[in-house]
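Okay, so here's the structure we're looking at.
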Amino acid sequence: MQKDTLVVRENGEHRSTAPHVLPIYATSSFVFEDSSQGIDIFKNIESGHVYSRYANPTVDSVADKIALLEGYGSNLTPYAVMTSSGMAAISTLLMGVLKAGDKVLTQGDLYGGTTELLKSILGNFGVETVFTDLKDLAGTELMLRTEENIRMLYCETPSNPVLACYDIAALASLAHQYGALCAVDNTFATPLLQQPLVLGADFVIHSTTKYLNGHGNSIAGVVVGSDRALMRAGVWKAMKLAGTNCSPFEAWLTANGMKTLSLRMERHCSNAMKIATFLSEHPAVERVNYPGLPSHPDYELAARQMSGGFGGMLSFELKAGMEGAIRCMDSLGLCTLAPTLGDVDTLILHPASSSHLAVPREIRMENGITDGLIRVSVGIENPDDLIADLDQAIRK
Ligand SMILES: *Cc1c(COP(=O)(O)O)cnc(C)c1O
């Protein structure tokens with residue numbers, strides 16, 4: 001071997017005992033021992049990796065862990081596919097199981113990107129979306145009965161930014177009764193607090209960008225399904241062919257972050273409960289939206305379908321309206337103004353002037369997104385520091 005060949009060759013000899021911590025498989029393809037093994041792997045007779053757009057050991061390791069968490073404690077054996085973002089998880093799921101002529105039945109208060117995807121992209125491919133109030137189970141059933149070709153009921157709970165909760169078990173059962181699939185965006189709750197597949201849903205999606213990673217340093221997503229065959233033939237195939245695969249580096253960051261998920265969620269939940277209680281007693285605050293407060297309209301449902309806590313997201317409305325909300329936001333010292341959520345530090349957002357700026361005011365108001373509403377992704381800092389920061393800012 002000449003030097004100019006040597007520099008090109010993979011030097012595999014350093015591979016010794018198994019690594020303790022998940023390594024990043026930064027490789028686009030995998031080597032076959034001989035051509036017959038290659039054929040068997042391609043035919044799925046032998047398991048093994050081929051090409052990292054199809055599957056990658058680092059990515060698979062994280063997907064398998066999320067599948068275990070979503071099915072935990074049940075007799076389900078879910079299958080998960082990681083994607084390049086939460087939006088990629090949603091688009092891959094829809095591409096993988098829907099076809100032109102199918103309809104999606106969903107709520108009005110979805111994550112903004114999801115609404116836009118349904119309206120302005122899926123519509124072009126002949127998949128129509130029907131928006132309804134999924135809290136109204138009788139109305140939802142009427143829709144399923146009268147609208148033809150509803151193939152998927154898509155729900156997000158708790159929802160953004162007023163933390164409305166929807167009854168997963170009831171919606172999944174209604175969907176199945178009328179031959180539709182049920183998918184749930186479980187990003188806000190995480191599988192530690194809520195397991196939609198166990199409640200009867202067919203699919204769960206996550207933006208792992210948020211709580212699952214928790215450290216705000218990666219963009220990735222996952223689709224988890226209880227029917228392995230449908231996941232392989234629908235979702236995995238769509239991921240492979242649309243190229244919405246997760247990068248091994250992003251998966252690795254997610255794997256690292258997930259190790260502390262349980263500790264973080266405990267603290268997110270207890271901090272959020274303390275802050276929600278403090279805000280609900282504050283004279284300058286009109287209303288607090290937190291499903292863990294008995295005053296929240298969906299408290300009983302949340303207590304029934306979530307376990308271990310009510311999550312780290314809350315929102316509150318200042319009596320001082322738009323101007324007061326902006327003044328409060330600009331007076332915060334500890335809480336960071338950022339348009340994401342689920343990170344270890346406390347993040348704050350004013351929906352009316354940011355995420356919902358494009359939404360007409362009447363529609364915003366109808367959905368509880370008032371001018372004075374502030375959304376908080378409560379972090380894991382000391383709760384007393386957070387309360388002191390919020391208090392001084394609200395007083396301004
Ligand atoms: C952020 C988010 C998404 C989109 O995820 P990305 O990783 O940003 O693509 C979808 N659903 C919910 C509830 C989210 O918060």
Side-chain angles (χ1 to χ4, degrees), residues 59 62-63 66 70 80-95 104 106-122 129 134 152 154-166 168 183-194 196 201 203-224 239 242-247 249-251 253-254 257-258 261 265 268 272 289 291 302 306 310-315 338-343 347-349 351 354-356 367 369 375-379:
V59 178
V62 185
I66 298 172
E70 286 292 353
V81 171
M82 282 202 76
T83 55
S84 54
S85 67
M87 286 313 301
I90 299 165
S91 56
T92 303
L93 168 65
L94 299 175
M95 257 191 288
V104 177
T106 192
Q107 70 211 51
D109 56 344
L110 288 174
Y111 177 72
T114 312
T115 306
E116 210 178 331
L117 171 72
L118 288 166
K119 279 188 176 167
S120 65
I121 307 283
L122 265 291
T129 303
L134 295 181
M152 178 177 281
Y154 185 98
C155 151
E156 187 179 317
T157 180
S159 73
N160 185 35
V162 297
L163 289 302
C165 298
Y166 297 91
I168 299 169
V184 177
D185 184 334
N186 202 26
T187 300
F188 273 32
T190 82
L192 295 189
L193 306 183
Q194 180 171 275
F203 301 102
V204 161
I205 76 95
H206 285 278
S207 165
T208 65
T209 309
K210 315 292 168 53
Y211 287 106
L212 291 182
N213 177 322
H215 295 75
N217 55 12
S218 77
I219 297 265
V222 70
V223 186
V224 195
M239 180 280 289
T244 50
N245 55 293
C246 179
S247 126
F249 180 59
E250 307 290 295
L253 288 166
T254 310
M258 269 179 67
L261 181 64
M265 290 318 290
H268 282 301
N289 302 308
M306 298 176 80
F310 297 89
M313 297 301 299
L314 62 84
S315 59
T340 186
L341 61 101
D343 288 355
L347 307 173
I348 208 146
L349 181 82
S354 59
S355 57
H356 292 71
N367 287 299
I369 306 156
R375 184 188 83 176
V376 190
S377 168
V378 179

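Counting convention: from 1, in listed order, for ligands and their atoms alike.
Between the side chain of Thr190 and the main chain of Tyr211, no donor-acceptor pair closer than 3.5 Å is present. A donor-acceptor pair is defined here as one N or O able to donate and one able to accept, closer than 3.5 Å; such a pair exists between the side chain of Asp185 and the backbone of Thr187. The closest donor-acceptor contact from the side chain of Glu250 to the backbone of Ile219 lies under 3.5 Å. With Gln194 contributing its side chain and Asn186 its backbone, the two residues share no donor-acceptor pair below 3.5 Å.
Residue Asp185 approaches ligand 1 through these ligand atoms, each under 4.0 Å from one of its heavy atoms: 10 (C), 11 (N), 12 (C), 13 (C). Every atom of ligand 1 is numbered from 1 in the order shown, and the set under 4.0 Å from a heavy atom of Leu341 is 15 (O). Listed by atom number, the atoms of ligand 1 under 4.0 Å from Gly86 heavy atoms are 5 (O), 6 (P), 7 (O), 9 (O). Remark: ligand 1 atoms within the under-4.0 Å shell around heavy atoms of Glu156 are 13 (C). Below 4.0 Å from some heavy atom of Thr209 lie the following atoms of ligand 1, by number and element: 7 (O).
Of all the listed residues (Met313, Glu250, Lys210), Lys210 holds the heavy atom that lies closest to atom 15 (O) of ligand 1.
Results of the side chain to side chain donor-acceptor pair (under 3.5 Å) test with Ser218 over Asn213, Thr208, Thr209 single out Asn213 as the only residue that passes.
Tyr111 CE2, 3.4 Å is the protein heavy atom nearest to atom 3 (C) of ligand 1. Protein heavy atom nearest atom 9 (O) of ligand 1, with residue, atom name and distance: Met87 N, 2.8 Å.
Checking Thr83 against Thr92 by side-chain atom types alone, no donor-acceptor pair falls below 3.5 Å.
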